Amino acid sequence: MSTRELTFAQAIREALDEELARDPNLFILGEDVGAWGGVFRCTEGLYEKYGPDRVIDTPLSEEGFVGLAVGAAMTGMHPVPEIMFGDFITLAMDQIVNQAAKMRYMTGGQVKVPITFRATMGAGRSSGAQHSQSWHAWFAHVPGLKVVVPSTPYDAKGLLKTALREPNPVVFFEDKVMYAKIKGPVPEEEYTIPFGKADIKREGSDITLVALSRMVHPTLAAAEMLAKEGISAEVIDPRTLTPLDEETLIQSVCKTGGAVIVDEGYNRFGVTAELAAVIAYGAFDYLDAPVERLGAMDVPIPFSPPLEFTTIPDEQKIVERVHKVLEGRRR
Amino acid sequence: MSTRELTFAQAIREALDEELARDPNLFILGEDVGAWGGVFRCTEGLYEKYGPDRVIDTPLSEEGFVGLAVGAAMTGMHPVPEIMFGDFITLAMDQIVNQAAKMRYMTGGQVKVPITFRATMGAGRSSGAQHSQSWHAWFAHVPGLKVVVPSTPYDAKGLLKTALREPNPVVFFEDKVMYAKIKGPVPEEEYTIPFGKADIKREGSDITLVALSRMVHPTLAAAEMLAKEGISAEVIDPRTLTPLDEETLIQSVCKTGGAVIVDEGYNRFGVTAELAAVIAYGAFDYLDAPVERLGAMDVPIPFSPPLEFTTIPDEQKIVERVHKVLEGRRR
Amino acid sequence: MERLSQIAEVVVDRDTMIEMYHRMLLARAFEETVFDVYRRGWMPGLAHLADGQEAVPVGVCMALRPDDTITSTHRGHGHIIGKGGQVEPMMAEVMGKATGYCRGKGGEMHIADVKLGILGANGIVGGGIGIAAGSAFTAKREGKGRVSVAFFGDGAINQGIWYETANMAVLWKLPLIYVCENNQYTEYTNYRKLQAGEGLVARAEAMGMPGLEVDGNDVLAVYSATLEMVERARRGEGPSMLVCHTFRYGGHHVGDPGTKYRTKEEIEEWKAKDPIVRFEKVLVERGVLSPGDIEEMHSKVEKRLAAAVEAGRNAPYPDVSEVTEHVYA
Amino acid sequence: MERLSQIAEVVVDRDTMIEMYHRMLLARAFEETVFDVYRRGWMPGLAHLADGQEAVPVGVCMALRPDDTITSTHRGHGHIIGKGGQVEPMMAEVMGKATGYCRGKGGEMHIADVKLGILGANGIVGGGIGIAAGSAFTAKREGKGRVSVAFFGDGAINQGIWYETANMAVLWKLPLIYVCENNQYTEYTNYRKLQAGEGLVARAEAMGMPGLEVDGNDVLAVYSATLEMVERARRGEGPSMLVCHTFRYGGHHVGDPGTKYRTKEEIEEWKAKDPIVRFEKVLVERGVLSPGDIEEMHSKVEKRLAAAVEAGRNAPYPDVSEVTEHVYA
Ligand SMILES: Cc1ncc(C[n+]2csc(CCOP(=O)(O)OP(=O)(O)O)c2C)c(N)n1
Ligand SMILES: Cc1ncc(C[n+]2csc(CCOP(=O)(O)OP(=O)(O)O)c2C)c(N)n1
Ligand SMILES: [Mg+2]
Ligand SMILES: [Mg+2]
């Protein structure tokens, strides 16, 4: 297998490209996804290659174009609407939650709704409170949707290809900080990655660190730092929230006896709550200390860098939480 | 103190009435809240009493009238927009999440946003998948909002009066099944109930049942059934999700050693996750068995009664979960 | 702004007229029967009836091909019958039975028959509009001249999604017909209190599409206007908007008598313009049907509905194991 | 539909003209300075500049009273300066400093000075429209003749919230002026590709409010048209819509040169119509300012901005403890 290094954005672009070529019913729509190639360059060149009928520049009408996409999905297309900043998904909630997610169920199975909502997440770019949010927990709370939160170019490409072949609505979250900054190996050969299979990004025996999307990277860096202290951390990336690979998480904690959950969504009533609850339940007899939850601080995301970085998990904060777990264990 | 029995809807109505009289800046807006008196009768007579400028019938434009309300709040009014079915709050998400919740923070404290969003929740009326949802977890996940989920006429009135005096955006969820069906004592005298104080609805020593909104009632019924088996259940109603009275929950579980969380929102990534995680963390050394989470089944809410009732927690299911906890403990 | 011709009534053949009449009768009878079913406690929840409005769904849908699609509303039974939906699985669905169109999972507000191009009634007011735009998008791509119809009410027109999709539909010349059924009221409020401006045709024209207002109780007028819009759409000339003035006899739902916010006079006035009675007159005058034919059709329809109720009542509820089916494909 | 008179230029007194010019200079200099600050790496994130568009915010805001309110957009610096905002706390905010208008919490896209009636720039395209409608609602209640202005772009007009609030504003006669700043492009797409129909005045008129299009590079035309709309609103006659045609010289944000989707010719064409140069000519012709006055004002503004940068750079970042402040009141 030949492998190159691609950025996260290039991996996304390649998945879109391959699937546009494969499936004539697939089409992309969103703001400046066409001629401009997407504000994050994820659709670069696709307009030229597939034409304006398959890579469509929409007006600034998130509710409208997402609604249109739902109807197109119900009638045989596979639309891929792009929500430029995940923050704007608030404008399209009704279409995603009340229409796309429910149509199959409400019709007793008469329709399929193959639609892949691509949305961004992630702070750390001094973009302010309305351009930095991570709302993946909301959608994981909605039956009928699948939610994907990839952390590497490899995973992004393989999971997006799976999403683009799914007969169901998928909300696919891409951390915008990774687009240009995260590079990684991606094979030339075609591959897909199934939903619902967590990936062990690093094996370890003393503690389990669960992280997703961009948070996998500071978590791996923290594991590196911990290794120097002689602490062996296992890093697990669930990769999809719905379906969730509970088994892999629980097994790891049964082995290590402790866990820290790291997520860039808000901590309260967020992803860290679900994962902590799942682990606390499934590994109840094996936990030596409470599961630590390290989400984003529960404040609107501030613009000023010293404030903003305070709110986001990083290596240092992860290491601190690990120490807390290990101290708890020693009690 | 003289006390009458009021229905849940009457208690809501009375709080609105008293606060409309007290605060000239308060006004209600929504669909058919005026001349008609509200589809759930919560604004009955208020249009006649306070006039069409204070109890305002809006077009079917949830995003628009909620947006207008946010601007009115920022300029000195206290709007009370009604979202008839909480399911439709999807249409107003941007205004609630990106505008109301953040304005104070983003302006560095320059504005207050005193606004009380009233929305319904709750299934069990054969209203189908788009008229039965309970989205309180979403809003509890949003910094800048406070979330209230009252379970009795007494709590509803006292908490709503507090909300209507709050200088912050509050999302106030009313279970529509309770409006006419739940009656309870409400003093004639004025009172308010502070946010962030859980209420122990029933004391007990063997297990802690945490329930909110309408779920308090089947949970109390379950406690009654358990009492007959000699099991003493404590029933705690957090009443507000943000702020959350973690202390009271944890203390109870430290005493009982086990907990079941009951909620009508979807189970996955929902309120049961947060409450279970908080308890598993705070009462780690006192738990004899994993915390059981009993939310609504993770499916769009079906219309057909036998299916619908399968998805909602009830006495029987609560009792089963309690047995599960107690068996777990005996291991 | 291009104008459509002002509803020159098209020539309609005998069979089509009879089928129109038949569907109107079915639609009326369905509503009356559901009301009865509700009162007897044979259905769960509430129902939203549209008796009095039959000329709109039937007039519109009879102008459509089988492969054309519609999206409907919370008040959608007539649209479904208009497009050829069968009353038996509809009634079973209303009752929440496994033999219903949606296996009892959808319910009264969510009936769909996707094979017939009925993409579903919708409980979100305006919720079908985006879906209809999407179906029009697909239709344009298919290039087979198929069109898409969005039914919605005088209340729904004030939802932003109408405006957002209208803009795209015009830009992209989608074969989409917006049909606003103005039954004068939203739930309990007259539309004039909620609708500003120069009327809905003006709104449509400002967005760049032609619009027409018709007497929504005249099935041939509705049919003729729809045909013109449909042909325009099939030719690739884009969307248009039809506004039909009509009235619902009953309340917003079966629990509302509908008499508190509307006067007796207003209701009587509209009943005097009853779309079925009017069409009957036309049919007899033109010699399409005799009074005897009409009576026979009435009684057939009644029998069919009685049987549908019977069948629905005898049908099983879905098995509880079905609750987790159809969440995902 | 009532029509507004076609922008008869009103008589503007000397001091007002000078202040207009001053604010336009400040607005221009602010953008140029921010660009420089960005290039030097003295600010975090990106900035959205509006150099070339100064006649719109200044022309509109100079027609307002201090107690009138505005809501602004992601491209909002000009609006804030137009309404009397101070460049020093603006610059500090852009840099994320504690001395900024929002203590560094808001940032470039969220500057607000509520005391001056500036209810905030907004990162959600169309996000200020609802807020402006709400401020107009409050204004009507107060009964003091105060008005509310919503600034937004040619892209934002296609958000449903414009349509939804337009309907309510007309119904309830809110003192609201919609100002659409058509700078020809959204981010990277020409508005003609995204805007169907008969133009925005037609959209406004269909909703029941008057609209006017003006040369958005002519500050006196903008001012005059706004005055007429404002007076109408103060009289209680409701909302109206002003469409100003203008152009941004730079890219969508400071990282975009703005030359990939726009031709050199187009940019040059618009630069030849520069609103500041044009207004300078008027001022000199009318004897309001001499070339010497103009030069002096230029250099004062430049010095002021240089000092603002200096002060911003020297100012502290907010203390980390502030991160949890202002979440709730
Ligand atoms: C988004 C949304 N808002 C409110 C409602 C509640 N509701 C149901 S029907 C209705 C009135 C609809 O009026 P109209 O569009 O005229 O349709 P009609 O009922 O007259 O057929 C309302 C407000 C809803 N179902 N969805
Ligand atoms: C709801 C929303 N959608 C998309 C964006 C991303 N975005 C920022 S500016 C912009 C273009 C806005 O165009 P216009 O309204 O013409 O304003 P201009 O930038 O030209 O001043 C877009 C698409 C956003 N900020 N908010
Ligand atoms: Mg109606
Ligand atoms: Mg623009």
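All of these numbers come straight from a predicted model, not from anything done at the bench. Within every chain, numbering begins at 1; the chains are lettered A, B, ... in the order of the sequence lines, protein sequences first and strands thereafter.
Ranked by heavy-atom pairs shorter than 4.5 Å toward chain A, the options C:Arg103, C:Met109, C:Arg141 are led by C:Arg141. Per-residue heavy-atom pair counts under 4.5 Å with chain A were compared for C:Asn167, C:Asp113, C:Thr165, and the maximum is reached by C:Asp113. Residue with the most contacts toward chain A among C:Val327, C:Thr69, C:Ile129: C:Val327 (heavy-atom pairs, distance under 4.5 Å). Put simply, of A:Asp94, A:Asn25, A:Val111, A:Val70, the one with the most heavy-atom pairs under 4.5 Å next to chain C is A:Asp94. Here C:Glu164 is the residue among C:Glu322, C:Glu164, C:Met168 with the most heavy-atom pairs under 4.5 Å with chain A. Each of C:Asn122, C:Leu174, C:Leu171, C:Thr71 has some count of heavy-atom pairs under 4.5 Å with chain A, and the biggest count is that of C:Asn122.
Cation-pi geometry between A:Lys146 and C:Tyr328 is met: the NZ or CZ atom falls under 6.0 Å from the ring centre, inside 45° of the normal. For the pair A:Arg41 and A:Trp36, the cation-pi criterion (under 6.0 Å, within 45° of the ring axis) is fulfilled.
Proximity to chain C (any heavy atom under 4.5 Å) is restricted, for A:Gln99, to the side chain, taken from C-beta onward. Using a 4.5 Å cut-off between heavy atoms, A:Glu62 contacts chain C through its backbone alone, with no side-chain atom that close. Only the backbone of A:Leu145 comes within less than 4.5 Å of a heavy atom of chain C; no side-chain atom from C-beta onward does. If you measure heavy-atom distances from A:Pro24 to chain C, the contacts under 4.5 Å come from the backbone alone. For C:Glu142, the part sitting under 4.5 Å from any heavy atom of chain A is the side chain, from C-beta outward, and nothing else. Only the side chain of C:Trp172 comes within less than 4.5 Å of a heavy atom of chain A; its backbone N, CA, C and O stay farther away. Heavy-atom distances place the side chain of A:Phe27, and not its backbone, under 4.5 Å from chain C.
In plain terms, the two heavy atoms of C:Thr186 and C:Gly155 that are nearest each other are CG2-CA, 3.5 Å. Scanning all heavy atoms of the two residues, the minimum distance from A:Lys102 to A:Val97 falls at NZ-O, 2.9 Å. Closest of all the heavy-atom pairs between C:Thr73 and C:His79 is OG1-CE1, 3.9 Å. Minimum interatomic distance between A:Asn98 and A:Met106 (heavy atoms only, all atoms of both residues): O-CE, 4.3 Å.
Remark: aromatic rings of A:Phe172 and A:Phe139 are distant, center separation not under 6.0 Å. Ring centroid separation for the pair C:His326 and A:Tyr105 does not come in under the 6.0 Å cut-off.
Taking a cutoff of 4.0 Å between a charged side-chain nitrogen and a carboxylate oxygen, A:Asp155 and A:Lys197 do not qualify as a salt bridge.
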